[in-house]
Amino acid sequence: MVQYVGVGNVIELVKSIGIETFLLGLAEYIEDDFRRWNAFEKTPRLASHSKTGVIELMPTSDGEHYGFKYVNGHPTNPNVGLQTVTAFGVLSDVSTGYPCLVSEMTIMTGLRTAATSALAAKYLARPDARSMAIIGLGAQSEFQALAFRALLGVKRLQVFDIDIEAADKFLKNLADMDFDIVVAKTAEEAVAGADIITTVTADKRNATILSDNMVGAGVHINAVGGDCPGKTELQGDILRRADVFVEYPEQTRIEGEIQQMAPDFPVTELWQVITGDAEGRRSNGQITIFDSVGFATEDFSALRFLRDKIQGTAFYTELDLTTQPAHPRDLYGLFRQQPAAPAERSAA
C-alpha cells in the first residue's frame, strides 16, 4: 500500500499546523536540500509545449529517494473555469523502486514556490526589508505574501493586477491576516518605495512587467512569473544592472529571465549562497534578482516534508497502487487469488 495525500488532506494538514508555521517548516527542508545540492541528480525539466501551455515532468534523486512532479502551465485555463497550474507528485524508495508517497502538488507547489522565494530573499534582500510590491495577483500571490511575512517579517504590501477581480480576491483572502495592503492603480505606483518587488504574472509571452526606470538602488526582485521559453517579465536592462541568482543555470537559461541574455551572462547559484561558497547581498545599494523558475529539488523537499508530517496522523489514505502477489514472480496468480468483481451492465 502507498500513502496518498489528496487535496483535502493537504488543506486540513496545513490548517492543523497553521499556514505560516507550515511555510517555515517547508522552507527549512528546502534550505537543507540546497545545502546538500551536490547529492542530487539534476536535469532541466522535460517539457511538452503546445499553443495553449506546457506539460512538464520534474525528476530528481538524492540516491535514497527518487521524486518527480507532473505539472502543467496553461495561462488561458481560467477563461474556461480551470486553474492555470495543476500538479501531482511521487516519492519512491530507490533501493526497491517502490513508490512510498503519492500526493497532490497543486497546493504544495504554491506553498513550495513561495517558501523558496522567501528563503532566497532571506539571503538576498536587505536585512531591513519590510515592504513588498506584488505585481500579479493570481493563485500564487497570497502564498507569496504569507511566506515573506513568515520568513522576513514583511507586512506592508503594495499590489497591482490589471484584473480588478484579482485584487478583490486578494484583499478578501488576506482580510483577517493583519497585513497593511495598498492596491495600486499601476505597476509603477505599486513598486514605488518597495524594498522587495515580486513579479508573478501568468501570461505566456515576453512582457515588460518591470521596466528599468521602475527599479531603484537596494531593491531585491523576486522574479517568479518568467518560467518557460518565450515568457519573461523584466526588461533586459534591469538584469544588466543587477546581480542575478538562479536555482539551476542549465534550466534557467532556457526558461528564466536570463533567456534574454547571452549564454555566458554571469549568474550565481542559490545553493552556493546558502552554503557560503558565494556572496549574496554585499551592500544596501546592490540590486539583487532571484530569477526563479522552480526546480525539482524544491518539489522533492516538499514531498519529503509532507511525508514526515503525515506520519501518525489522519491526513492521508492508502492506495493499492502496487501489486502484492503471493509469490513475486507469480503476477498472473493474482487472478486466481481474488475473484473478479462481476461486471456491471448498463440498462437497455
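In this chain, numbering begins with 1 at the start of the sequence shown.
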- Would you kindly say whether Q311 and Q3 are connected by a side-chain donor-acceptor distance under 3.5 Å? yes

- Message: I'd like to know whether CG of D308 has more than 12 heavy-atom contacts from other residues, nucleotides or ligands below 6.0 angstrom.
- Response: yes

- Can you find a side-chain donor-acceptor pair between T84 and N77 that sits under 3.5 Å? no

- Task: Without swapping roles, check the side chain of K42 against the backbone of A296 for a donor-acceptor pair under 3.5 Å.
- Result: no

- Task: Output all residues satisfying side-chain hydrogen bond (donor to acceptor under 3.5 Å, both in side chains) with E20, sequence neighbours left out; order by chain, then residue number.
- Result: R149

- Query: Between CD of E279 and CG of L124, what distance do you get to the nearest 0.5 Å?
  - Reply: 12.0 Å

- Separation of F245 CZ from T268 OG1 (nearest 0.5 Å): 5.0 Å

- Message: For a 4.5 angstrom cut-off between non-hydrogen side-chain atoms, does V224 reach S117?
- Response: yes

- Message: For a quick check under 3.5 Å, do E142 and N173 share a side-chain donor-acceptor pair by atom type?
- Response: yes

- Task: Give a yes or no on whether the backbone of G25 and the side-chain of E28 come within a donor-acceptor separation of less than 3.5 Å.
- Result: no

- Yes or no on salt bridge (charged side-chain N to carboxylate O under 4.0 Å, His left out) for D212 and R240, after CA distance, side-chain angles and deciding distance? CA-CA 10 Å; D212 188 36; R240 297 182 184 93; over 6 Å; no

- Message: Could you see if V94 belongs to whatever hydrophobic cluster contains V102? Use Ile, Leu, Val, Met, Phe, Trp, Tyr and a side-chain cutoff under 4.5 Å.
- Response: yes

- Message: Under the side chain to side chain contact (heavy atoms under 4.5 Å, CB included) test against I30, which residue among I274, T297, L119 passes?
- Response: L119

- Message: Among residues at least two apart in sequence or on other chains, which ones pass salt bridge (charged side-chain N to carboxylate O under 4.0 Å, His left out) with D62?
- Response: R36

- Min side-chain heavy-atom separation I19-F143 under 4.5 Å: yes

- Check: Y66 and T60 side chains under 4.5 Å, non-hydrogen atoms: no

- Query: With a cutoff of under 4.5 Å between side-chain heavy atoms, which Ile, Leu, Val, Met, Phe, Trp and Tyr residues group with I209?
  - Reply: I135, F160, I162, V191, I197, L210, M214, V215, V219, I221, L234, I238, L239, V244, V246, I258, M261, F265, V267, I287, I289

- When clusters are formed from ILVMFWY side-chain contacts under 4.5 Å, directly or step by step, what else is grouped with L82? V80

- Task: List in chain and number order the residues that pass side chain to side chain contact (heavy atoms under 4.5 Å, CB included) with A121, two or more places apart in sequence or in another chain; answer none if no residue qualifies.
- Result: A125, F148, L152, H220

- side chain to side chain donor-acceptor pair (under 3.5 Å) contacts in which one or both residues fall within residues 103-112, not counting sequence neighbours: K69-T109, R112-E298, R112-D299

- Query: Roughly how far, to the nearest 0.5 Å, is the CD atom of E12 from the OG1 atom of T313?
  - Reply: 11.5 Å

- Query: Considering only heavy atoms from C-beta outward, does the side chain of M1 approach that of D320 to under 4.5 Å?
  - Reply: yes

- Enter the distance from H74:NE2 to T52:OG1 here, rounded to the nearest 0.5 Å. 4.0 Å

- Residues in ring pair (Phe, Tyr, Trp, His ring centres under 6.0 Å) with F68, at least two apart? none

- Query: Does I196 belong to the same Ile/Leu/Val/Met/Phe/Trp/Tyr cluster as Y123, with side-chain heavy atoms less than 4.5 Å apart forming each link?
  - Reply: yes

- Query: Would you say E165 has more than 12 foreign heavy atoms packed within less than 6.0 Å of its CD?
  - Reply: no

- Message: Whether the side chain of D161 engages the backbone of A166 through a donor-acceptor N/O pair (distance < 3.5 Å, no angle test) should be reported.
- Response: no

- What about F88 and I107, same hydrophobic cluster or not, with Ile/Leu/Val/Met/Phe/Trp/Tyr joined at side-chain heavy-atom distances under 4.5 Å? no

- Query: Short question: side chain of K169, backbone of G138 - any donor-acceptor pair under 3.5 Å?
  - Reply: yes

- Query: Which pairs count as ring pair (Phe, Tyr, Trp, His ring centres under 6.0 Å) when at least one residue sits in residues 281-311, sequence neighbours excluded?
  - Reply: F22-F305, Y29-F305, W37-F295, F40-F300, Y248-F295

- Item | Inter-residue atom distance I55.CD1 - S50.OG, 0.5 Å rounding | 7.0 Å

- Message: Under 3.5 Å, is there a donor on one side chain and an acceptor on the other for Q158 and S131?
- Response: no

- D291-T252 side chain donor-acceptor pair, cut-off 3.5 Å: no

- Message: Restricting to side-chain hydrogen bond (donor to acceptor under 3.5 Å, both in side chains), what partner residues turn up for Q235, sequence neighbours left out?
- Response: none

If you look only at distance, which donor and acceptor atoms sit under 3.5 Å apart when one is on a side chain in residues 176-187 and the other is two or more places apart or in another chain?
unit_1: D178; atom_1: OD2; unit_2: K155; atom_2: NZ; d: 3.1
unit_1: D180; atom_1: OD2; unit_2: R156; atom_2: NH1; d: 3.0
unit_1: T186; atom_1: OG1; unit_2: E189; atom_2: N; d: 3.0

- Message: Is there a side-chain contact between Q251 and R45 in this structure, where contact means two heavy atoms from C-beta onward sitting under 4.5 Å apart?
- Response: yes

- Between H65 and S92, is any pair of side-chain heavy atoms under 4.5 Å apart? no

- Check the hydrophobic clustering (I, L, V, M, F, W, Y; side-chain heavy atoms under 4.5 Å; chains of links allowed) and say if V2 and Y98 are grouped together. no

- N9 CG to K309 NZ distance, which is reported to the nearest 0.5 Å: 16.0 Å

- How is the hydrophobic cluster of V85 composed, in terms of its other members, when Ile, Leu, Val, Met, Phe, Trp and Tyr link through side-chain heavy atoms under 4.5 Å apart, directly or indirectly? M58, V71

- Query: Does S61 use its side chain to pair, donor to acceptor, with the backbone of G63 at less than 3.5 Å?
  - Reply: yes

- Task: Report yes if the side chains of I17 and L13 come closer than 4.5 Å at any heavy-atom pair, otherwise no.
- Result: yes

- Message: Just by distance, no angles: are the side chains of R35 and T275 close enough, under 3.5 Å, to form a donor-acceptor pair?
- Response: no

- Message: So P99 and T322, do their side chains get closer than 4.5 Å, heavy atoms only?
- Response: yes

- Item | Salt bridge flag under 4.0 Å for residues K231 and E255 | no

- Query: How would you list, by chain and number, every residue that makes a salt bridge (charged side-chain N to carboxylate O under 4.0 Å, His left out) with D32, sequence neighbours excluded?
  - Reply: none

- Path from M105 to I11 over hydrophobic side-chain contacts below 4.5 Å: yes

- Item | Polar contact flag, side-chain donor to acceptor under 3.5 angstrom, Q286-D243 | yes

